[in-house]
Amino acid sequence: MISYPLPSDWPADEKAARAVQDALRDRVVLDEPGPPPGTGHVTGVDVAYDDERDVVAAAVVVLDAATLDVVEEATAVGTVAFPYVPGLLAFREIPAVLTALSGLTADPGLVVCDGYGIAHPRRFGLASHLGVLTGLATMGVAKNPFTFSYEAPAAPRGSASPLLDGAEEVGRALRTREGVKPVFVSAGHRVTLANACAHALRLTPRYRLPESTRRADALCRAALRESAG
DNA sequence: GCGACAG
DNA sequence: ATCTTGTCGC
């Protein structure tokens, strides 16, 4: 099994965190198409919190990309080491996520994060950060447009419209269910935006959110409950 | 200065 | 993220 250690220079405050983002953003790879949709593995990642106890639980669920069957799961429980600050989400979630990923035996394949990749104030969101640290292909699927703007995509499933930061397309608003609020897809690392959207559609045969994040969400919540009572 | 703001 | 009852709909 592969180990994904937390960098020794992990920041403790906001100023240092932004400096880390500025130092690593150039390592993001966006010219690789990424794994073909429907092949290999797709891994969902999510994190849950218990603010009262300062506890964080992360879960990673490896799925067979073709059947969406669960191949392997892993969780990690730890202490919250960073507050939620818009734009710095990665520093709150990544420590526990790396520990959970290190518990896997299977190849993660494409990692799908609950949040953003390149669609970020400094173009280095959670998915991109996780990709650079692990070398894995990553993408983000967020439930909200964050600070970006978009025009509602057409009603049919599969319709999409650009997610904009000014005039720059940083991601895409993708309709995964007919007539339902779209999800916001962005490339993280070693994946193309078009390919990321194709993966997102394959992962949503029934619900608005990807099966990968739904599985990971349920698992990290369960892990958090079991860590308490 | 004010409001907005992934999870 | 998390706190929370009922409610509308397939």
Side-chain angles (χ1 to χ4, degrees), chain A residues 14 17-18 20-21 25 28 44-61 75-98 100 111-132 138-150 157 162-166 168-174 176-189 193 196-197 200 204-210 212-225 227-229:
Chain A
E14 297 183 27
R18 291 194 191 85
V20 166
Q21 294 182 325
R25 54 189 291 180
V28 175
V45 171
D46 196 20
V47 177
Y49 303 91
D50 181 337
D51 294 322
E52 302 295 281
R53 302 184 300 140
D54 259 28
V55 171
V56 54
V60 294
V61 180
T75 61
V77 175
T79 300
V80 181
F82 208 92
Y84 169 66
V85 179
L88 300 180
L89 177 65
F91 299 96
R92 183 171 169 78
E93 310 216 326
I94 283 184
V97 169
L98 289 177
V111 176
V112 180
C113 295
D114 193 356
Y116 282 112
I118 213 67
H120 178 273
R122 288 169 293 284
R123 301 294 179 272
F124 200 65
L126 171 64
S128 296
H129 200 151
L130 183 62
V132 165
T138 63
M139 59 175 272
V141 176
K143 298 181 284 297
N144 298 294
F146 198 14
T147 63
F148 308 110
S149 61
Y150 71 101
R157 161 177 155 81
L163 183 64
L164 305 169
D165 184 350
E168 181 182 356
E169 179 180 43
V170 294
R172 211 159 277 170
L174 178 67
T176 56
R177 303 309 304 164
E178 168 119 28
V180 174
K181 177 180 179 177
V183 294
F184 304 89
V185 180
S186 57
H189 183 60
L193 176 57
C197 288
T204 51
R206 183 166 166 86
Y207 300 101
R208 175 191 175 226
L209 298 180
S212 45
T213 77
R214 286 170 48 77
R215 287 308 219 316
D217 177 78
L219 186 56
C220 67
R221 291 193 191 207
L224 189 62
R225 276 187 271 109
S227 74

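Since we're looking at a predicted model, the values are computed, not measured. Order of the sequence lines fixes the chain letters, A, B, ..., with proteins taken first and strands second; residue numbering starts at 1 for each chain.
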Looking at A/Asp51 and A/Arg92, does any basic side-chain N land under 4.0 Å from a carboxylate oxygen? yes
Take A/Tyr150 and A/Phe184 through the ring pair (Phe, Tyr, Trp, His ring centres under 6.0 Å) test and state the conclusion after the steps. CA-CA 10 Å; A/Tyr150 71 101; A/Phe184 304 89; 5.0 Å; yes
Candidates A/Val97, A/Leu130, A/Leu89 - the one meeting side-chain contact (heavy atoms from CB on, under 4.5 Å) with A/Cys113: A/Leu130
Where along nucleotides 1-7 of chain B does protein come under 4.0 Å, by heavy atom, of base (B) or sugar-phosphate alone (S), with - for untouched nucleotides? ----BBB
A/Phe91 and A/His129 aromatic ring geometry - parallel, tilted or perpendicular at 30°/60° bounds: perpendicular
Provide, to the nearest angstrom, the distance between the CG atom belonging to A/Asp54 and the P atom belonging to C/dA1. 18 Å
Thinking salt bridges, do A/Asp46 and A/Arg221 make one under a 4.0 Å N-O criterion? no
